[in-house]
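Just below is one structure, and these are the notes that go with it.
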There are 2 protein chains.
Amino acid sequence: MDERAALAMLAGELDPAGDDAAVVDGLVVTTDMLHETTDFPDGTTRYTAGWRAVGASLSDIGAMGAEAVAAVAVYADSEFEEGELRAFVGGASDVCEAVGAEYVGGDLDSHTEFTTATTAIGRVPETGSVRRAGARPGDAVCVTGELGRSAAALELFGRGETERANELFRFTPRVAAGRALAPHATAMMDVSDGLARSLHQLAEAGDCGFAVDSGAIPVAGALAEVAGGRKEALEPATTFGEDFELVFAVPEDRLRELEAATEVAIARIGTVREEGVVMDGETLADEGYTH
Amino acid sequence: MDERAALAMLAGELDPAGDDAAVVDGLVVTTDMLHETTDFPDGTTRYTAGWRAVGASLSDIGAMGAEAVAAVAVYADSEFEEGELRAFVGGASDVCEAVGAEYVGGDLDSHTEFTTATTAIGRVPETGSVRRAGARPGDAVCVTGELGRSAAALELFGRGETERANELFRFTPRVAAGRALAPHATAMMDVSDGLARSLHQLAEAGDCGFAVDSGAIPVAGALAEVAGGRKEALEPATTFGEDFELVFAVPEDRLRELEAATEVAIARIGTVREEGVVMDGETLADEGYTH
């Protein structure tokens, strides 16, 4: 059974699962595990690793429209080097601070490979959490920020430009944006598996489709630069994933109000329709990053 | 830096860390990571693994005197076998149900070795959480249940008596007991690192000592049996750890009331004193399990 099939099986088994985070008793909870070999390219600092790992969990809290309360992490490695450990905790603490949450530590564990398991906890807003299901035909579909920072970072790590790559690898989890969007959005998730796959997931959850305009996709400048142009950057920006922006549906008439309410840029990339996920009129393949 | 030194460093760095669980904004949070090679002997079923891993985190919630709300787990393995995954989720769900919490899923991850990272979340009771610091000279020191079930299980796994070993490896996290004890206990933690080490940790946190009577230690019958007698079982019961009972201090005059209020057996094993940790009048070494 591959990871997707297993996740689908679990989503059927466990009521609160199958969204960016589980909702239980007024709380929102999410957990992830990341490994050195698969998630942190050579050159990733432990500060960036702490920021990014905890940030990925906080992003899931934001995607539910919830308030971020706290995060914990298990730090596992073959040895504990004080500087590395302090750097990791520094990154974890700083990303929590950036979204108004508290990093409250966790556990250490001996392991063959640097591995971290992070959990973030949030509170459901008064207006309720925002699920993946709920987009209605006619709604506008939008994304926050820019797509492709992580794809650009990976290329730069490969080139040895580690300082810039580390910077791109850190991101602000969209918790403030998620809270601002929560009263308005009909459906929302983060694009950590890539925009294409996320649209398919929203379509499946909400029994709807999406028509997207490639010209409206906010491609990160850094990716356009390393890829040699916006055109070349479009495919990785759409499918690479590992970015932590929000994709959401919202009634057309709320769009202007929303843009004023959120500090981050919002790009309207298309419209919700009855069925089928298309970009520029052609079927958009369900391809992306499998974590 | 070894794990203990690293943990001490982190406890100094992060305010809410350094207890069984972190307390933040009315919530109690704890996280752990377990691995096949170090934590699950050959013969451990995935049902038992799910129960035990999630149970270990719930035990930390109980040790704070908190109400258990929810738990999540990352399930990482080199392949996902549906039966194993379902069994793990079954064990995780059942241990949550045993303490009135909800298992809300988590994440899957590809990894070389079966590894699980669990997080439990609780709510601080109205009377406040119970910390490791706070034991006062003259208080009675007690433990819940029996010690040595895991030591016995390990021996039985080695002998191939896996059914009985699995049964001993599953335990009821002391959440109900912890809540009943919370208004009375002056200090509390779980004995997952072994009674001896736990007493030293309570002594250090509370700047006090303990005098314990070996004859009063509730040694698990199964351990006495596999060890060839209660006398032979005393040392592993005291130092092996991996049991998830509570050790706590409580004013003498509350003891009878407590015994009536908790469903689990409570054994008074000694008395809090000004300094030094002794058993039968002799120094009890700070030895135990390092996770």
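Convention: sequence-line order gives letters A, B, ...; per-chain numbering from 1. Because the structure is predicted, anything quoted here is derived from the model rather than measured.
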| task | Verify whether one side chain among B:Asp190 and B:Ser59 offers a donor that lies under 3.5 Å from an acceptor in the other. | result | yes
| query | Which region of B:Glu81, side chain (C-beta onward) or backbone (N, CA, C, O), has a non-hydrogen atom less than 4.5 Å from a non-hydrogen atom of chain A, or is it both or neither? | reply | backbone
| Ion pair check, B:Asp243 and B:Arg149, cut-off under 4.0 Å | no
| Would B:Arg123 and A:Asp25 pass as an ion pair if we require N to O under 4.0 Å? | yes
| message | I'd like to know if the side chain of B:Glu113 and the backbone of B:Thr37 have a donor-acceptor N/O pair within less than 3.5 Å. | response | yes
| Side chain / backbone / both / neither for B:Thr30 at chain A, heavy atoms under 4.5 Å | neither
| Which bit of B:Glu79 comes within less than 4.5 Å of chain A, counting heavy atoms only: side chain, backbone, both or neither? | neither
| said: Can you confirm whether B:Glu97 is buried at CD, in the sense that more than 12 heavy atoms of other residues, nucleotides or ligands lie under 6.0 Å from that atom? | reply: no
| said: I'd like to know if B:Arg174 pairs up with B:Glu245 as an ion pair, taking the criterion as any Lys NZ or Arg NE/NH1/NH2 lying under 4.0 Å from an Asp or Glu carboxylate oxygen. | reply: yes
| Ring centres under 6.0 angstrom apart (B:Phe40, B:Phe169) | no
| message | Distance alone, cut at 3.5 Å: any donor-acceptor contact between the side chains of B:Glu36 and B:Thr115? | response | no
| field | Contacts of residues 65-74 of chain A with chain B (heavy atom under 4.5 Å) | value | A:Val69, A:Ala70, A:Val72, A:Ala73, A:Val74
| message | A:Tyr47 vs A:Asn166, test: side chain to side chain donor-acceptor pair (under 3.5 Å). Steps then yes/no. | response | CA-CA 9 Å; A:Tyr47 178 82; A:Asn166 272 285; over 6 Å; no
| How about residues 49-56 of chain B versus chain A: which residues have heavy atoms under 4.5 Å apart? | none
| Top contributor to chain A contacts, counting heavy-atom pairs under 4.5 Å, from B:Thr118, B:Asp32, B:Val29 | B:Asp32
| B:His111 ring center near A:His111 ring center (under 6.0 Å) | yes
| Is there a donor-acceptor contact under 3.5 Å linking the side chains of A:Thr31 and B:Asp107? | no
